[in-house]
Number of protein chains: 2
Amino acid sequence: MTTIREVAKLAGVSVATVSRTLNNSGYVSESTRKRVEKAVKELNFYPNEVARSLFQKKSKLIGLLLPDITNPFFPAIAKGVEDGVNQRGYSLLLGNVEDDAEKESDYLKIFEQNNIAGVISAVQGSAAKLNNMPLVLLDRVNSHQEYAVHSDDYAGGKLAAQAVVERNPEKVVIMVGPKSVAGSAMRLAGSEKVLQESLVPYEVFQTASFQLNLAEETAERFFEQHPDVDSVIASNDVYALAVMKEAIKRGMNIPEDLQIIGYDDMPFSRMMYPGLSTIAQPAYQIGYQGAELLCNILEKGYAHENHIQLPVTLKLRESLRKKDLDE
Amino acid sequence: MTTIREVAKLAGVSVATVSRTLNNSGYVSESTRKRVEKAVKELNFYPNEVARSLFQKKSKLIGLLLPDITNPFFPAIAKGVEDGVNQRGYSLLLGNVEDDAEKESDYLKIFEQNNIAGVISAVQGSAAKLNNMPLVLLDRVNSHQEYAVHSDDYAGGKLAAQAVVERNPEKVVIMVGPKSVAGSAMRLAGSEKVLQESLVPYEVFQTASFQLNLAEETAERFFEQHPDVDSVIASNDVYALAVMKEAIKRGMNIPEDLQIIGYDDMPFSRMMYPGLSTIAQPAYQIGYQGAELLCNILEKGYAHENHIQLPVTLKLRESLRKKDLDE
């Protein structure tokens with residue numbers, strides 16, 4: 001790799017002058033600038049990010065915290081984040097936290113040691129642990145003081161319940177996500193409002209986690225507690241799939257004996273049979289706009305909008321009964 | 001953050017002496033070492049990775065190249081890589097290449113600019129593009145000169161075909177993955193050997209990609225070309241799911257009219273109904289052992305084994321017919 005020393009030598013100037021020229025800092029005469037630029041071009045020199053980082057105190061790295069990379073919702077977010085930061089010249093340091101507070105702290109320490117410019121996090125509670133590091137939260141947002149991109153959880157909860165209410169439910173159970181995840185409570189509130197207004201009785205089943213590896217045992221426990229359920233508003237698509245599989249194992253037909261709606265719209269939800277009806281969150285967009293928001297904060301010091309809320313949409317597939325059959 | 005200057009001041013020595021002490025390089029007297037260590041402890045100083053990187057020329061960062069983060073096989077690999085490198089004190093720079101050669105080159109340049117210590121890549125052909133950077137290839141491996149961790153594709157291809165042969169196939173089609181992916185040819189060779197020895201006629205359907213977003217249109221094309229297929233050996237689980245969905249859309253029953261086996265065993269393959277029979281690759285282990293291999297190369301300069309091949313296993317689920325019904 002070409003070094004700054006070689007550039008200085010070829011241009012006949014000091015290393016400090018090359019540095020001033022490249023960083024546009026301090027006085028450099030026009031003729032010197034030209035000599036340096038010519039040398040840079042001739043030697044095909046591109047500045048080392050590490051040296052630049054030490055000089056500027058901040059690197060071109062952004063830390064990304066995800067709660068569970070094996071839940072397909074998060075790779076879709078990550079893809080959006082990656083495309084967004086790359087476009088602005090940044091790269092991603094990956095931290096897969098797995099709802100483990102210690103792992104999260106370790107990653108934040110590693111991020112700090114690498115002089116990262118900022119953090120994008122889909123992990124609840126990251127904000128409290130950062131020392132004045134620019135942060136954008138994705139998906140799991142609770143305070144209105146923070147920079148955040150998320151979708152409209154309250155509207156999503158309402159949409160899901162409305163779709164069930166219109167399809168002649170007999171016994172509704174709402175699976176609600178972990179209490180520590182802010183969106184869960186909003187979705188529940190939205191669903192409860194619709195069910196209460198429609199005078200449809202329902203019960204609530206609390207799940208302890210969104211982790212994929214706990215989905216199957218949670219589904220078993222779900223049917224033990226609610227053996228006569230006929231309509232499920234699931235906490236996310238992964239848990240909806242596990243409930244569908246368990247229902248089929250128990251000899252129930254979908255959607256005749258059990259109808260179900262998920263949340264997220266991960267790619268597999270449309271690929272399986274019966275296709276899973278769900279509330280689609282724009283995962284890629286959440287990631288991409290989160291990246292743009294952070295880059296704006298880093299480069300301009302502010303952003304026009306500090307809370308971006310994206311709309312959700314209802315995807316109707318085979319896992320819900322047809323309206324006209326029931327009415 | 002505490003700086004090395006503050007440590008030097010408290011210890012009453014120069015910055016260079018602190019640096020020599022922390023890096024175990026050059027002479028430092030025993031009493032000086034003790035003073036520096038005491039100051040480091042008192043000030044809770046931990047060396048900045050960027051400064052260390054500049055000093056040592058290499059950072060504690062490892063670049064990870066993935067072909068498609070939305071295919072659940074790769075997040076599972078990434079999780080293994082991440083756990084493996086973290087345990088040895090490294091962090092991951094993420095590069096999601098999406099089978100795009102230009103994106104791959106861009107990432108390799110970014111990796112180099114960040115003084116990464118090495119690369120772990122599940123992208124075919126990365127080797128040729130690296131300038132003497134330590135590299136471990138995962139999954140998609142073609143040359144025996146390279147450091148690599150992969151599973152036994154030939155055995156996997158044989159296992160998949162054997163499972164189909166034992167279940168009374170009438171018209172077998174092998175979906176073969178992209179020619180550019182080395183494992184595809186090995187799997188095909190394994191499957192063909194079994195089918196030829198069993199005198200079962202078959203056809204081969206070439207897929208252009210493993211990308212998730214092309215799976216559904218590929219499945220449509222598959223049935224246009226092979227409308228009378230009754231047994232499919234699919235190129236991976238994602239494509240197997242897309243074929244199952246398309247088959248059900250066309251009114252076929254699984255496994256009675258169409259039986260199918262996938263490849264990978266991603267978490268969703270067991271969660272859907274009918275459950276997808278498949279050849280399980282130990283994705284997490286591939287990632288974890290790849291990380292260990294690279295860390296050994298980085299720290300010791302060599303590894304005992306430069307090619308690690310992991311076994312595959314057959315997972316029988318509802319998508320294949322029962323043996324005893326057919327015989």
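Throughout, protein chains are lettered first and strands after them, A, B, ... in sequence-line order, and every chain is numbered starting at 1. Just so it is clear, the structure is predicted and the values come from calculations on it, not from any experiment.
Separating the CD atom in A:Glu82 from the NZ atom in B:Lys103 is a distance of 5.5 Å, to the nearest 0.5 Å. Here B:Leu94 contributes atom CG and A:Ile69 contributes atom CD1; the two are 7.0 Å apart, rounded to the nearest 0.5 Å. Between the OG atom in A:Ser91 and the CD1 atom in B:Ile110 there is a gap of 3.5 Å [rounded to 0.5 Å].
Neither the backbone nor the side chain of A:Asn71 comes within less than 4.5 Å of any heavy atom in chain B. In this structure, chain B has no heavy atom under 4.5 Å from any part of A:Glu246. Looking at A:Asn86, the atoms closer than 4.5 Å to chain B (heavy atoms on both sides) all sit in the side chain, from C-beta outward. Heavy atoms of B:Met244 lying under 4.5 Å from chain A are absent altogether. With a 4.5 Å cut-off on non-hydrogen atoms, A:Leu61 touches chain B through its side chain but not through its backbone. Residue A:Phe111 does not touch chain B at all, counting heavy-atom pairs closer than 4.5 Å. At a 4.5 Å heavy-atom cutoff, the contact between A:Ala215 and chain B is made by side-chain atoms alone.
In this structure, B:Glu216 and A:Arg270 have side chains that are in contact, with non-hydrogen atoms separated by less than 4.5 Å. Counting heavy atoms from C-beta outward, B:Met266 and A:Phe268 have side chains that approach closer than 4.5 Å. Counting only heavy atoms from C-beta outward, the side chains of B:Met271 and A:Leu212 approach each other to under 4.5 Å.
Ion pairing between a basic and an acidic side chain is recognised when a charged N comes within 4.0 Å of a carboxylate O; B:Glu318 and A:Lys245 show such pairing.
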